[in-house]
Amino acid sequence: MLSPKKVKWRKQMKGRMRGYSYRGSTLGKGDYALQALTCGFVSNKQIEAARIAITRKAKRGGSIWVRIFPDKPLTKKPAEVRMGNGKGAPESWVAVVKPGRILFEIGGLDKETCIEALTVAKYKLSIKTKVIKKELQEDTKLDKSK
């Protein structure tokens, strides 16, 4: 599973997920991508499950880029423990995702395979997403400048 090698602080606050993602919201190398529509936490297990689903659907062809990394620890207290006595131990790692963030990119394959692979991966995640195309994104970028 994905997790950071070293972190400055063992425990973090959950924080607030407000607004849109401006960084990481454009396609970099791939032709098709999976873009977040809602905010939320995506766990390292979900990222890995989606990556495996894309790889299997693509039959190990083309190129896949994972654009998110789980770098926030989530803590949890053990079952049947009384309130108080501090914060629980780190349990899992999550990536904070805001609307507009590109999660996965895929390239080097035909259109149908790319869309099918990303659609399968979409169901492995806990947030709403959509499949976008590189040319379509460039068209919308032009519309914003008008």
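Scope of the values below: all heavy atoms of this structure, side chains included, with no hydrogens, waters or symmetry mates. Since the structure is predicted, the reported quantities are computational estimates derived from the model, not experimental observations.
- Of all non-hydrogen atoms in Gly19 and Pro99, the two that sit nearest each other are O-CD, 3.5 Å.
- Across every non-hydrogen atom of Ile106 and Ala117, the tightest pair is CD1-CB, 4.2 Å.
- Lys111 pairs by the side-chain contact (heavy atoms from CB on, under 4.5 Å) definition with Tyr32, Ile115, not counting sequence neighbours.
- Of all heavy-atom pairs spanning Val97 and Ala36, the tightest one is CG1-CB, 3.5 Å.
- Residue Ile102 comes nearest to Arg67 through the heavy atom pair O-CB, 3.2 Å, listed as atom of the first residue, atom of the second, then distance.
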Report, one line per pair, each donor and acceptor closer than 3.5 Å where one atom sits in a side chain of residues 37-47; sequence neighbours left out.
from: Thr38; atom 1: OG1; to: Lys128; atom 2: N; distance (Å): 3.2
from: Ser43; atom 1: OG; to: Gln46; atom 2: N; distance (Å): 3.3
from: Asn44; atom 1: ND2; to: Leu2; atom 2: O; distance (Å): 3.1
from: Gln46; atom 1: OE1; to: Ser43; atom 2: N; distance (Å): 3.2
from: Gln46; atom 1: OE1; to: Ser126; atom 2: OG; distance (Å): 3.2

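- In this structure, SG in Cys114 is found 10.5 Å from NZ in Lys133, a value given to the nearest 0.5 Å.
- Shown here are the side chain to side chain donor-acceptor pair (under 3.5 Å) partners of Glu116, two or more places apart in sequence or in another chain: there are none.
- The side-chain contact (heavy atoms from CB on, under 4.5 Å) search around Ala50 returns Phe104, Ala121, Lys124, Leu125, not counting sequence neighbours.
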Expected list for residues 72-81: side-chain donor-acceptor pairs under 3.5 angstrom, two or more places apart:
from: Lys72; atom 1: NZ; to: Gln12; atom 2: OE1; distance (Å): 3.2
from: Lys72; atom 1: NZ; to: Met13; atom 2: O; distance (Å): 2.9
from: Lys77; atom 1: NZ; to: Gly84; atom 2: O; distance (Å): 2.3
from: Lys77; atom 1: NZ; to: Gly86; atom 2: O; distance (Å): 3.1

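- In the hydrophobic cluster analysis, where Ile, Leu, Val, Met, Phe, Trp and Tyr join through side-chain heavy atoms closer than 4.5 angstrom, Ile68 is grouped apart from Trp93.
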Go through the steps for Thr55 and Arg60 under the test side chain to side chain contact (heavy atoms under 4.5 Å, CB included), then give the verdict.
CA-CA 5 Å; Thr55 308; Arg60 294 196 208 110; 4.0 Å; yes
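- Proximity of a side-chain donor or acceptor of Lys11 to a complementary backbone N or O of Lys87 within less than 3.5 Å is detected.
- With sequence neighbours excluded, the residues satisfying side-chain contact (heavy atoms from CB on, under 4.5 Å) with Ser63 are Trp65.
- Other residues, nucleotides and ligands contribute at most 12 non-hydrogen atoms within 6.0 Å of the OH atom of Tyr20.
- Side-chain heavy atoms closer than 4.5 Å link hydrophobic residues (I, L, V, M, F, W, Y) into clusters, and following such links, even through other members, never connects Val94 to Val66.
- When every heavy atom of Gln35 is checked against every heavy atom of Gly100, the shortest pair comes out as NE2-O, 3.0 Å.
- Put simply, the side chain of Ile54 does not reach to within 4.5 Å of the side chain of Leu34, judged on heavy atoms.
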